[in-house]
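Residue numbers start from 1 in every chain, and the chains themselves are labelled A, B, ... in the order their sequence lines are given, proteins ahead of strands.
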There are 2 protein chains.
Amino acid sequence: MIFIMFFSTFEYKHFIGMSKCEQCIIRQFNSLKALTKDELIRISGCKTSRTVKKGDIIFEEGDSINGVYCIKDGVCKLSKLSANGKDQIVKLVVKGDLLGQRSLIGDESANLSAVALNDMEVCFIPKSEIMSDLENNPKFTLDMLQQMAHDLKESDNVIVDMAQKSVKNRLADVLLYISEHFGTDDADYLSITLSREDYASIVGTATESAIRILSQFKKEGLISTKGKQIRIEDHEGLRRVE
Amino acid sequence: MIFIMFFSTFEYKHFIGMSKCEQCIIRQFNSLKALTKDELIRISGCKTSRTVKKGDIIFEEGDSINGVYCIKDGVCKLSKLSANGKDQIVKLVVKGDLLGQRSLIGDESANLSAVALNDMEVCFIPKSEIMSDLENNPKFTLDMLQQMAHDLKESDNVIVDMAQKSVKNRLADVLLYISEHFGTDDADYLSITLSREDYASIVGTATESAIRILSQFKKEGLISTKGKQIRIEDHEGLRRVE
DNA sequence: TTTAAAATATGATTTTTATCATGTTTTTTA
DNA sequence: TAAAAAACATGATAAAAATCATATTTTAAA
């Protein structure tokens, strides 16, 4: 037990999940910002914090979630297994987002699975706490409602794109979306790296098709790659893809 | 002006949109049921009621809606024009549903167009009234949130189906969905009649493809038709379509 | 009620995408 | 670090769906 002595206060709190919600900047990015100081302190007292390794399952379709995850760091995919046995990625969830709120509000088991795309750090807030805030803090509920309205709009737009755009067009869109929403590193590579299979699973196509199209984009000078990493070389060109 | 004398009190109120929300059973089917009697009386005083003819546009993409519609009778489609010039139907909205709440909550112009599929009767409640209730009645906001969570789940599931199922499979699903959600008439025909173009626009395919597949379903004895009307002859068969 | 327009229907053809097959590269693990 | 596994790549072929063309039927309008 001697090694505990080397932990600083910060590291110790961090390790066992005792860092304070009131002082956490992450909450500014989601509906938790609408909570009062007292509510945050209460949540701080019952939340748990944990790390999730790349590839780990946070929850699966059908699981009872019983709470909400606040993503402190990392990225995960929300996907659903279709009848033909293929996974369809519905949404990418990143640092600052909440996870599991839909199931919690609908009082249902998870409709989607959440799997980490890189190492993550997440806080888990039990259902009872969130529900009590939803019932008593109208600002919080309204903020949650606004966020859900935004998600619904995005989902509707994805339906239209799925139905009306070609696979090539959708794949170009995904690259642009990732670039615009999640940014790039210092060498302009997309900050989120996905496997070709993941790209196929977002676009809703066969893995081979996704690979083929990315190769074509490369030949046409629209993108370049370094291993799994992708850099967009011609944004306008990608936008023109049909 | 003499004809006004023939109107009964009921008809008169009905005509100029003065029937009372407190007494309207339709609200039991949507979030308005969470409002208090006082709130309903207040809304009654400022809502307007109108009829919409088949084919009429209730609102279009980009319109500022400035309120919420409560569907007293009839059905409409929510659609979006895609880049290739085709309309994609995202959702069917029926008697009892609310319309426009997403744009109102997000404080945005309409993302979708709403067009009547048959003659409709709708009440319009101005934005200010709804917003004040959202800010002051947590039960109402929570109910709205739960409804929105449900819509989001449905949208996510549509994305998966769009991406992973064949056109034939999706068309079979739509027929079953309409049958299960909107019911049939006394002769078992689907109570909602859609053009082949509308079916194509829900499924996300070419009109000719939708026509062809419906013809095939007919040949296979899965459905029968009488003009535009469709009757499902073999539910299990439709469910097995791949 | 005749005519025009729209919706339905179906064939032929092309395009898009999936599937199968096989090889190469990269990553993981023993 | 060598072997195994996973991911990537690409060709050949098949299947699905779109497009174009052209009737026919139904509906709406003059």
Side-chain angles (χ1 to χ4, degrees), chain A residues 53-56 77 82-89 115 117-119 161-175 193-220 223-230 241-242, chain B residues 53-56 77 82-89 115 117-119 161-175 193-220 223-230 241-242:
Chain A
K53 285 251 171 304
K54 178 179 175 174
D56 279 358
K77 58 181 176 183
S82 70
N84 66 22
K86 281 189 196 164
D87 252 330
Q88 176 65 32
I89 296 178
V115 176
L117 288 172
N118 48 32
D119 290 350
D161 289 349
M162 280 288 177
Q164 305 283 352
K165 291 183 173 178
S166 69
V167 171
K168 207 185 290 179
N169 197 167
R170 266 140 58 200
L171 189 44
D173 283 351
V174 168
L175 295 173
T193 54
L194 299 171
S195 67
R196 304 296 195 251
E197 192 181 2
D198 280 334
Y199 277 110
S201 181
I202 294 174
V203 164
T205 192
T207 306
E208 297 96 318
S209 296
I211 291 172
R212 235 181 278 271
I213 293 168
L214 287 175
S215 297
Q216 196 192 332
F217 285 171
K218 226 157 69 174
K219 273 183 203 146
E220 293 170 349
I223 63 170
S224 64
T225 61
K226 193 177 76 184
K228 263 191 166 41
Q229 294 182 89
I230 295 179
V241 166
E242 293 200 350
Chain B
K53 286 251 171 303
K54 179 179 174 173
D56 280 358
K77 57 180 176 184
S82 71
N84 65 23
K86 281 189 197 163
D87 252 330
Q88 175 65 32
I89 297 178
V115 175
L117 288 172
N118 49 31
D119 291 349
D161 288 349
M162 280 288 177
Q164 304 283 352
K165 290 183 173 179
S166 69
V167 171
K168 207 184 291 180
N169 197 169
R170 266 138 59 199
L171 189 44
D173 282 350
V174 168
L175 295 172
T193 54
L194 298 170
S195 68
R196 305 294 196 252
E197 193 181 1
D198 281 333
Y199 276 110
S201 180
I202 295 173
V203 163
T205 191
T207 307
E208 298 97 315
S209 297
I211 290 172
R212 235 180 276 273
I213 292 168
L214 286 174
S215 297
Q216 196 193 332
F217 285 170
K218 224 156 70 173
K219 272 183 203 146
E220 291 170 352
I223 63 170
S224 63
T225 61
K226 193 176 75 183
K228 262 190 168 42
Q229 294 182 88
I230 295 178
V241 166
E242 294 201 348

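The residue among A:A163 and A:T225 whose nearest nucleotide of DNA chain D is located toward the 5' end is A:T225. Sequence order on DNA chain C of the closest nucleotides to A:K86 and A:G227 puts A:K86 first from the 5' end.
One interatomic measurement links the two molecules: CG of A:L214 to C1' of D:dA7, which rounds to 13 Å at whole-angstrom precision. Following rounding to the nearest Å, A:Q216 (CD) and D:dT10 (C1') show an atom-to-atom distance of 13 Å. As rounded to whole Å, 11 Å separates atom P of D:dA16 from atom CD1 of B:I213. Rounded to whole Å, the distance from CD1 on B:I211 to P on D:dT25 is 15 Å. In this structure, A:F217 places its CZ atom 15 Å from P of D:dT10, rounding to the nearest Å. For A:K54 and D:dA6, the NZ to P distance is 15 Å, given to the nearest whole Å.
Contact annotation: the side chain of B:V241 approaches that of B:F217 to within less than 4.5 Å [non-hydrogen atoms, C-beta and beyond]. Side chains of A:I230 and A:T193 form no contact here, defined as non-hydrogen atoms less than 4.5 Å apart. Side-chain contact between B:D173 and B:K165 is present, with at least one heavy-atom pair separated by less than 4.5 Å. With contacts defined as side-chain heavy-atom distances shorter than 4.5 Å, the pair B:R212/B:R196 does not qualify.
Note on A:K228: a side-chain N or O is less than 4.0 Å away from OP1 or OP2 of D:dC8.
One N or O on the side chain of B:S82 and one on the backbone of B:K86 form a donor-acceptor pair closer than 3.5 Å. A donor-acceptor pair is defined here as one N or O able to donate and one able to accept, closer than 3.5 Å; such a pair exists between the side chain of A:S215 and the backbone of A:I211. Although no hydrogens or angles enter the test, the distance criterion places no donor-acceptor pair under 3.5 Å between the side chain of A:D56 and the main chain of A:V115.
Think of the region where chain A sits on DNA chain C: with heavy atoms and a 4.0 Å cut, that region ends 5' and 3' at C:dT17 to C:dC20.
Note that CD1 of A:I89 and CD of A:E197 are 8.5 Å apart. Values are rounded to the nearest 0.5 Å. Note that CD of A:Q88 is 12.0 Å distant from CE of B:M162, once rounded to the nearest 0.5 Å. Rounding to the nearest 0.5 angstrom, the gap separating the NZ atom in A:K228 from the OG1 atom in A:T225 is 11.5 Å.
Salt bridge absent: B:R170 and B:D161 never bring a charged side-chain N and a carboxylate O closer than 4.0 Å.
Residues from residues 193-208 of chain B with heavy atoms under 4.0 angstrom of DNA chain D, sorted by number: B:T205, B:A206, B:E208.
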Any protein N or O atoms within reach of nucleotides 12-15 of chain D? Criterion: under 3.5 Å, listing atom names and distances.
{"unit_1": "D:dA12", "atom_1": "N6", "unit_2": "A:R212", "atom_2": "NH2", "d": "3.4"}

